[in-house]
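What you are looking at is a predicted structure, and each value in this text was computed from that prediction instead of being measured. We name chains A, B, ... by the order of the sequence lines, and we start the count at 1 in each one.
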There are 2 protein chains.
Amino acid sequence: MPGHQPPRGRRPAERKGDVRERAILDTCEALLARKGYEAMTVGDIAQGAGITRGALYFYYGSKQEVVTALVARTVEHLWERSRLTARTDDPREAVTAALRRTVELWNEHGLVMRTAIDLSLTVPPIGELWDHTADLFIAAITAVLERAGVPTGAAPDQAPAMARALCWMIERTFYHASQESREALQEASATCAHIWLTSAGLVA
Amino acid sequence: MPGHQPPRGRRPAERKGDVRERAILDTCEALLARKGYEAMTVGDIAQGAGITRGALYFYYGSKQEVVTALVARTVEHLWERSRLTARTDDPREAVTAALRRTVELWNEHGLVMRTAIDLSLTVPPIGELWDHTADLFIAAITAVLERAGVPTGAAPDQAPAMARALCWMIERTFYHASQESREALQEASATCAHIWLTSAGLVA
DNA sequence: ATAAAAATCGACACCGTGTAGACTTTTTTC
DNA sequence: GAAAAAAGTCTACACGGTGTCGATTTTTAT
């Protein structure tokens with residue numbers, strides 16, 4: 001975790017396999033875009049990465065494992081970005097900042113994010129990854145709601161429950177919009193912002 | 001469509017195949033609950049319905065077709081229920097009535113509804129079925145919002161766009177809750193009601 | 001009763017998966 | 001820089017699920 005372990009000499013202490021691994025994940029992402037999860041075969045991925053099926057199984061035990069690794073790589077990115085987001089005291093500003101960031105994430109990683117959502121049910125490790133990601137968002141939304149004066153508590157009309165519903169609204173709305181176009185994503189963002197602000201009592 | 005064609009004699013003019021078809025769909029639903037879509041095999045369904053794989057292919061061309069038929073049967077039910085819902089003039093009442101109905105639907109058909117959502121991407125006919133269903137809900141929500149004074153128009157903070165976002169919020173929230181318990185569904189309903197009412201301007 | 005239509009079966013060919021064992025390349029160690 | 005170990009790669013195979021075909025039996029209509 002802390003690591004990086006800058007190679008003692010000045011040349012790459014990078015295993016050949018590390019390069020292959022990245023090639024596999026990149027190919028997987030490309031194929032996901034071109035053919036979709038179902039149609040994509042282990043042979044396809046191997047071929048795209050310039051090796052045979054047999055060799056691929058040296059790295060990953062199944063198609064699911066490959067995709068899980070891809071999702072993990074992407075989701076790592078999301079967490080990174082969340083951590084780096086500037087804190088602000090004004091709830092209104094927090095909402096627009098959060099949604100702007102979300103638009104960026106979906107623009108860059110929409111495909112993998114949609115795949116993660118689709119596979120959450122069937123591939124448990126992906127489900128956990130995505131649940132954790134959602135929890136981060138929910139926590140962030142909860143914080144904003146509370147700062148805006150929505151009471152904390154377990155009741156269905158208090159911050160945590162509302163944050164969960166708003167999170168699902170955003171997830172699903174962006175999920176659909178990201179299949180359409182950048183503009184759709186932009187509008188989706190505006191709509192979500194409006195509902196979020198209204199339900200936080202921040203709109204007269 | 002109008003039909004029924006009450007059998008001339010007093011015996012069933014019901015093809016043997018009609019019974020089998022129902023048996024297949026019922027078995028499919030049971031297996032979906034027990035093993036999930038991926039794990040369920042055409043052989044399993046056939047066996048459960050008391051026939052061989054070969055015979056099943058006489059009725060349906062693939063596992064996807066079977067599930068599509070099951071979704072169609074269920075969705076038919078949803079449309080039916082929507083049509084029979086009493087019209088009311090008070091928006092507040094309309095919201096609670098709509099959500100009460102939604103809770104009932106998810107209680108009864110949660111499994112198939114979740115399956116339909118999961119397969120919307122990969123099985124186009126199911127995608128169409130579900131899109132159409134969603135459109136009905138969106139139209140209903142739009143109507144309530146407009147009656148509550150939210151302006152009509154294509155802008156992201158006007159009725160149609162908001163209705164879409166609210167629909168996705170409800171879908172996703174209920175999707176998750178229906179995996180938990182009846183109580184979760186009940187609370188989900190309360191939270192959605194609160195956000196819906198607030199964003200319609202119906203909560204002081 | 002008989003002919004047509006509907007339903008069922010078993011066998012087969014195909015395709016994707018995952019594993020095993022032999023072989024080659026890269027890295028480490030002395 | 002040679003030998004040993006580790007990492008990487010390949011081909012071949014066995015398995016399981018799919019969808020199709022032609023033969024056969026059962027049901028329905030006349």
Side-chain angles (χ1 to χ4, degrees), chain A residues 5-28 31-32 34-70 119 122-126, chain B residues 3-28 31-32 34-70 119 122-126:
Chain A
Q5 186 82 3
R8 289 250 278 84
R10 73 187 194 293
R11 277 295 92 198
E14 183 177 46
R15 289 251 172 291
K16 186 184 177 190
D18 297 340
V19 181
R20 279 271 190 260
E21 234 166 77
R22 251 181 291 127
I24 291 171
L25 262 34
D26 291 343
T27 304
C28 178
L31 287 174
L32 231 31
R34 186 136 45 79
K35 329 177 55 170
Y37 178 77
E38 305 274 5
M40 173 182 69
T41 174
V42 174
D44 293 337
I45 304 176
Q47 183 168 21
I51 53 181
T52 58
R53 282 180 352 96
L56 190 146
Y57 277 103
F58 175 79
Y59 295 100
Y60 300 102
S62 66
K63 185 167 82 169
Q64 299 197 344
E65 272 189 30
V66 176
V67 178
T68 301
L70 174 60
L119 298 180
T122 29
V123 187
I126 293 184
Chain B
H4 252 239
Q5 186 81 5
R8 288 250 276 86
R10 72 184 193 297
R11 278 294 91 200
E14 184 178 44
R15 288 254 172 288
K16 186 186 178 188
D18 297 339
V19 181
R20 274 283 137 85
E21 233 165 78
R22 251 181 292 130
I24 291 172
L25 262 36
D26 291 342
T27 303
C28 177
L31 288 174
L32 230 32
R34 186 137 43 81
K35 329 178 54 172
Y37 178 78
E38 305 274 2
M40 173 181 69
T41 175
V42 175
D44 292 337
I45 304 176
Q47 183 168 21
I51 53 179
T52 58
R53 281 179 355 96
L56 189 146
Y57 277 102
F58 175 79
Y59 295 101
Y60 300 102
S62 67
K63 184 166 83 167
Q64 300 197 345
E65 271 188 31
V66 176
V67 179
T68 301
L70 174 60
L119 298 179
T122 29
V123 187
I126 292 184

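Phosphate proximity of dT9(D) to T52(A): absent, as no side-chain N or O sits under 4.0 Å from OP1 or OP2.
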What are the atom names and distances for every N/O pair under 3.5 Å that joins the protein to nucleotides 22-30 of chain D?
unit_1, atom_1, unit_2, atom_2, d
dT28(D), O3', R15(B), NH1, 3.3

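Note: L56(A) CG to E65(A) CD = 10.0 Å, rounded to the nearest 0.5 Å. The distance from atom CG of L25(B) to atom CG of L32(B), rounded to the nearest 0.5 Å, is 10.5 Å. Rounding to the nearest 0.5 Å places CG of D18(A) at 8.5 Å from OH of Y59(A).
For the contact set between residues 38-51 of chain A and DNA chain D, defined by any heavy atom under 4.0 Å, the members are I51(A). Using a 4.0 Å cutoff on non-hydrogen atoms, the parts of residues 53-65 of chain B near DNA chain C are G54(B), A55(B), F58(B), Y59(B), ordered by number.
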Could you pull out every donor-acceptor pair under 3.5 Å between side chains of residues 39-51 of chain A and any protein atom, sequence neighbours left out?
unit_1, atom_1, unit_2, atom_2, d
T41(A), OG1, G43(A), N, 3.4
D44(A), OD2, K35(A), NZ, 2.8
D44(A), OD2, T41(A), N, 3.1

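Of all heavy-atom pairs between P124(B) and T122(B), the closest is CD-O, 3.3 Å. Taking both residues in full, the closest heavy atoms of K63(B) and E38(B) are given as NZ-O, 3.5 Å, listed atom of the first, atom of the second, then distance. Here the closest non-hydrogen pair linking Y60(B) and A69(B) is CE2-CB, 3.7 Å.
Bracketed by its first and final contacts, the part of DNA chain C lying under 4.0 Å from non-hydrogen atoms of chain A reaches from dG16(C) to dT28(C) in 5' to 3' order.
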Next on the checklist: Run the side chain to side chain contact (heavy atoms under 4.5 Å, CB included) test on V123(A) and V67(A) for me, step by step, so that the C-alpha distance in whole Å, both residues' side-chain angles and the decisive distance to 0.1 Å come before the verdict.
Outcome noted: CA-CA 10 Å; V123(A) 187; V67(A) 178; over 6 Å; no
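Taking the salt bridge (charged side-chain N to carboxylate O under 4.0 Å, His left out) definition, one finds that R34(A) meets it with nothing, sequence neighbours left out.
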